[in-house]
Amino acid sequence: MIQSKVGRLRLAGILEGISLLILLFVALPLKYGFGIPEFSKVMGTVHGALFLLFVFNTLSVGVEYQWKFRETTWKVLLACIVPFGTFYIDRTILKRIDPSNSK
C-alpha cells in the first residue's frame with residue numbers, strides 16, 4: 001500500500017481516521033467522564049498532525065496525478081473534515097487509483 005504516493009495518502013487517511021476514533025471514544029470519555037485530560041491533549045495533537053499530513057499529501061498527489069479539483073481533489077479534502085470520511089474516500093476513490101493496489 002505504501003509503495004506509491006496514493007498508497008501513502010491512503011495510509012495517512014486511515015491513520016487520521018483511527019486517531020479520530022481514539023480521540024472520540026477513548027480520550028474524550030477519559031477527559032470528561034473520569035477527569036483525566038492528559039490523553040486527550042496527546043491524542044488531539046496526534047490527530048491534528050495526521051490531519052495536516054493528510055491535507056498536504058492530498059494536495060501533493062492531486063498535483064502529481066493532475067486531479068481536476070472539481071472532480072477529485074475537493075472530495076478527498078472534504079473527507080478529512082467529515083467524521084470518518086477518510087475511510088469512505090479510501091474505498092470509493094483512492095483504492096481504485098492506487099497503482100500499488102494489484103487486487
Side-chain angles (χ1 to χ4, degrees):
M1 178 197 286
I2 58 173
Q3 298 167 349
S4 68
K5 280 196 171 190
V6 176
R8 288 189 287 278
L9 176 60
R10 292 180 66 200
L11 179 62
I14 290 168
L15 292 175
E16 192 269 343
I18 290 170
S19 73
L20 179 61
L21 288 171
I22 293 170
L23 186 62
L24 290 177
F25 296 113
V26 178
L28 291 180
L30 284 173
K31 180 179 180 177
Y32 293 110
F34 300 99
I36 306 170
E38 294 80 17
F39 190 59
S40 67
K41 289 179 184 178
V42 171
M43 279 312 301
T45 303
V46 169
H47 175 68
L50 290 169
F51 173 85
L52 291 174
L53 179 68
F54 184 79
V55 169
F56 292 137
N57 274 314
T58 298
L59 296 173
S60 174
V61 170
V63 168
E64 183 172 323
Y65 283 74
Q66 298 177 351
W67 287 349
K68 293 185 178 175
F69 188 83
R70 291 184 179 194
E71 291 179 14
T72 307
T73 308
W74 78 272
K75 293 176 186 176
V76 178
L77 287 173
L78 182 65
C80 68
I81 297 170
V82 175
F84 317 115
T86 55
F87 298 123
Y88 174 77
I89 216 71
D90 179 63
R91 288 195 171 262
T92 60
I93 293 178
L94 299 178
K95 188 176 183 179
R96 292 185 302 167
I97 63 174
D98 186 0
S100 66
N101 187 21
S102 60
K103 292 182 182 178

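L52 and W74 end up in the same hydrophobic cluster when Ile, Leu, Val, Met, Phe, Trp and Tyr side chains are linked at under 4.5 Å. Under the 4.5 Å side-chain contact rule for hydrophobic residues, L30 and F25 share a cluster. If you chain together hydrophobic residues whose side chains sit under 4.5 Å apart, V82 and L94 never meet in one group. Cluster membership check: V76 does not share its hydrophobic cluster with I81, using side-chain heavy-atom separations under 4.5 Å among Ile, Leu, Val, Met, Phe, Trp and Tyr. Each of V63 and L78 belongs to its own hydrophobic cluster when Ile, Leu, Val, Met, Phe, Trp and Tyr are linked at side-chain heavy-atom distances under 4.5 angstrom.
Atom NZ of K41 sits about 13.0 Å away from atom CD1 of I36, to the nearest 0.5 Å. Between the OG1 atom of T72 and the CD1 atom of I93 there is a distance of 5.5 Å, given to the nearest 0.5 Å. To the nearest 0.5 Å, atom CG of residue L9 and atom CZ of residue F56 are 13.5 Å apart. Rounded to the nearest 0.5 Å, atoms CH2 (W67) and OG1 (T58) are 6.0 Å apart. Summarising the geometry, atom OG1 belonging to T86 is positioned 10.0 Å from atom CG belonging to L50; distances are rounded to the nearest 0.5 Å. Interatomic distance, CD1 of I22 versus CZ of F39, reported as 6.0 Å (0.5 Å rounding).
Residues V61 and V6 come closest through the heavy atom pair CG1-CG2, 3.8 Å. Closest of all the heavy-atom pairs between A27 and M43 is CB-CB, 4.2 Å. Scanning all heavy atoms of the two residues, the minimum distance from A12 to L53 falls at CB-CD2, 4.1 Å. The nearest pair of heavy atoms linking T73 to G62 is OG1-CA, 4.4 Å. Closest of all the heavy-atom pairs between C80 and F54 is CB-CD2, 3.4 Å.
Judged by distance alone, the side chain of S19 and the main-chain N or O of E16 form a donor-acceptor pair under 3.5 Å.
Under the 30°/60° scheme for interplanar angles, the aromatic rings of F84 and F87 are found to lie parallel.
In Y32, the OH atom is not crowded: 12 or fewer heavy atoms of neighbouring residues, nucleotides or ligands sit closer than 6.0 Å.
Checking each of R8, R10, K5 against D98 for a side chain to side chain donor-acceptor pair (under 3.5 Å) leaves exactly one that passes, namely R10.
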